Amino acid sequence: MPPEVLAQLPTGLLIDGQWRPSTSGTTFAVEDPATTEVITEVADASSEDAAAAMDAVARAFPEWGAVAPRERAEALRAVFDRMTARADELAAVVTAEGGKPLAEARAEVAYGAEYVRWYSEQAVRVDGLARRAPAGTNHQVVMHKPVGPAFAITPWNFPIAMATRKIAPALAAGCTMVVKPAQLTPLTTAFFAEIVREVLEERGLPTGVLAVVPSSSARRVSEPILGDPRLRKLSFTGSTEVGRTLLKSAADGILRTSMELGGNAPFLVFEDADVEAAVQGALAAKMRNAGQTCVAANRFLVHSSVAEDFAAGLVAAFEKLVVGHGAAEGTTVGPLIEAAAVDKVEELVAAAVDRGASVLLGGERPDRRGYFYSPTVLTGVDREAPTVTEEIFGPVAPIVTFDSEEEAVALANGTEYGLVAYAFTRDVNRSFRLAESIETGMLGINRGMVSDASAPFGGVKSSGLGREGGEAGLEEYLDSIYLAI
Ligand code: SIN
């Protein structure tokens with residue numbers, strides 16, 4: 001990371017609009033996954049700090065909730081403008097702590113900023129309803145108000161976009177928020193939070209509306225916040241396992257929750273598909289952030305009549321990828337986030353090979369420092385191999401064949417997850433049939449990318465509850481009040 005960017009990064013806790021050290025006086029190290037070198041140390045929030053952050057956002061809530069929607073909208077728009085002006089610096093931080101290539105980091109900053117812009121535009125469009133009651137005796141009026149102080153726990157794979165996807169609708173709705181960024185990538189959130197703080201201060205708005213508490217222990221920070229009766233909303237992006245535990249805690253406080261959890265996205269290529277387009281779609285759906293996304297294509301389900309062409313195309317496309325440090329010129333695939341991630345990917349590939357899969361490309365760690373794994377294509381993969389049944393979170397594409405649409409749909413649905421699916425077909429009727437029959441929250445037809453700040457992102461089954469983005473993302477931070485009048 002350029003030294004001038006590092007020098008400006010806040011490394012404390014943001015509470016009550018002030019950056020401060022942890023009350024315990026301790027810090028934790030943030031590493032560059034491409035080199036394993038320490039970038040800097042960050043304040044490690046104690047449970048007292050977490051309670052203070054919760055207290056600050058609870059105190060700031062009445063004032064922020066009363067700020068005119070237009071003023072909230074304009075403050076968010078100013079945050080968007082500043083993010084855009086500082087996009088290169090933000091991207092450098094994303095790459096340094098998360099590893100993704102700079103071009104991808106810039107795309108993430110633009111995507112993250114778009115949530116801020118979208119919700120700046122939505123803040124003044126919170127609609128209600130007025131109608132005559134069916135019995136004709138009175139009228140029904142439905143109004144909306146912010147749910148209250150919220151708590152967000154964000155993941156390391158999109159440190160800016162997953163933060164803005166939660167913070168922007170919360171602030172637009174009039175909620176305040178404590179954010180616990182991922183331990184592996186707290187710096188990007190700190191950079192963004194400082195932009196928000198500056199903008200609020202310049203406009204004379206309450207700066208305590210956003211608190212940020214990085215910590216080496218999620219439990220230490222979460223428990224006091226989740227146990228505070230003033231908290232009204234929890235938003236989490238991460239694994240299904242952690243999501244289940246958080247839902248149990250949220251049950252005690254009867255909290256509104258948004259849970260964006262694990263995925264096992266099927267990528268279906270039918271016999272009538274444009275195979276070259278499917279290969280390009282596969283590249284986008286699989287290799288974004290080296291396969292470390294919840295929406296990464298996890299299983300390539302390909303009609304047997306086109307499987308050979310598709311596999312050859314994917315190998316040719318993967319061969320052109322350049323693995324390296326995200327900040328190095330020409331890199332298109334960065335490292336995985338940590339050593340354990342590489343171990344897991346290696347085990348999943350070995351398990352597929354044990355069950356008879358062939359390695360067409362990759363299947364190894366490149367000989368270099370950092371947490372790298374080579375882009376890998378596997379064919380003849382057993383449908384029950386863990387490579388197919390578990391979320392890979394790495395640059396590995398296992399190909400499984402099918403012979404009919406029914407079989408493809410059954411394979412696609414044969415998982416506890418239902419976040420996203422991708423399908424390549426020229427048949428419009430089939431596209432609509434798939435939307436009906438595949439158990440998923442999102443479906444990409446003839447494209448390997450569905451994410452958009454203005455669209456409802458989220459899953460069904462064990463992939464989560466609620467939606468982020470679009471109109472639905474704002475509703476998650478609003479309560480309705482019904483007046484019988
Ligand atoms: C995720 O991987 O959790 C989010 C990816 C996206 O928003 O595109």
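Numbering starts at 1 and runs along the sequence shown. All values derive from a computational prediction rather than experimental measurement. First listed ligand is number 1; within each ligand, the first listed atom is number 1.
- The closest donor-acceptor contact from the side chain of T36 to the backbone of D32 lies at 3.5 Å or more, if one exists at all.
- Within the structure, every pair that satisfies the ring pair (Phe, Tyr, Trp, His ring centres under 6.0 Å) test and touches residues 93-118, not counting sequence neighbours, is listed here: Y111-Y115.
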Protein N/O near ligand 1 N/O, under 3.5 Å, which pairs?
unit_1   : atom_1 : unit_2 : atom_2 : d
ligand 1 : 2 (O)  : N157   : ND2    : 3.2
ligand 1 : 2 (O)  : C294   : N      : 2.7
ligand 1 : 3 (O)  : E260   : OE1    : 3.1
ligand 1 : 7 (O)  : Y111   : OH     : 2.7
ligand 1 : 7 (O)  : R165   : NH1    : 2.9
ligand 1 : 8 (O)  : R288   : NH1    : 3.0
ligand 1 : 8 (O)  : R288   : NH2    : 2.9
ligand 1 : 8 (O)  : S451   : OG     : 2.4

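- Side-chain N/O atoms of T293 and R288 include no donor and acceptor closer than 3.5 Å.
- The closest side-chain donor-acceptor pair between S454 and D452 falls under 3.5 angstrom.
- A salt bridge links E194 to R197: one of the charged nitrogens lies within less than 4.0 Å of a carboxylate oxygen.
- Residues R165 and T154 have side chains not in contact (no heavy-atom distance under 4.5 Å, counting atoms from C-beta outward).
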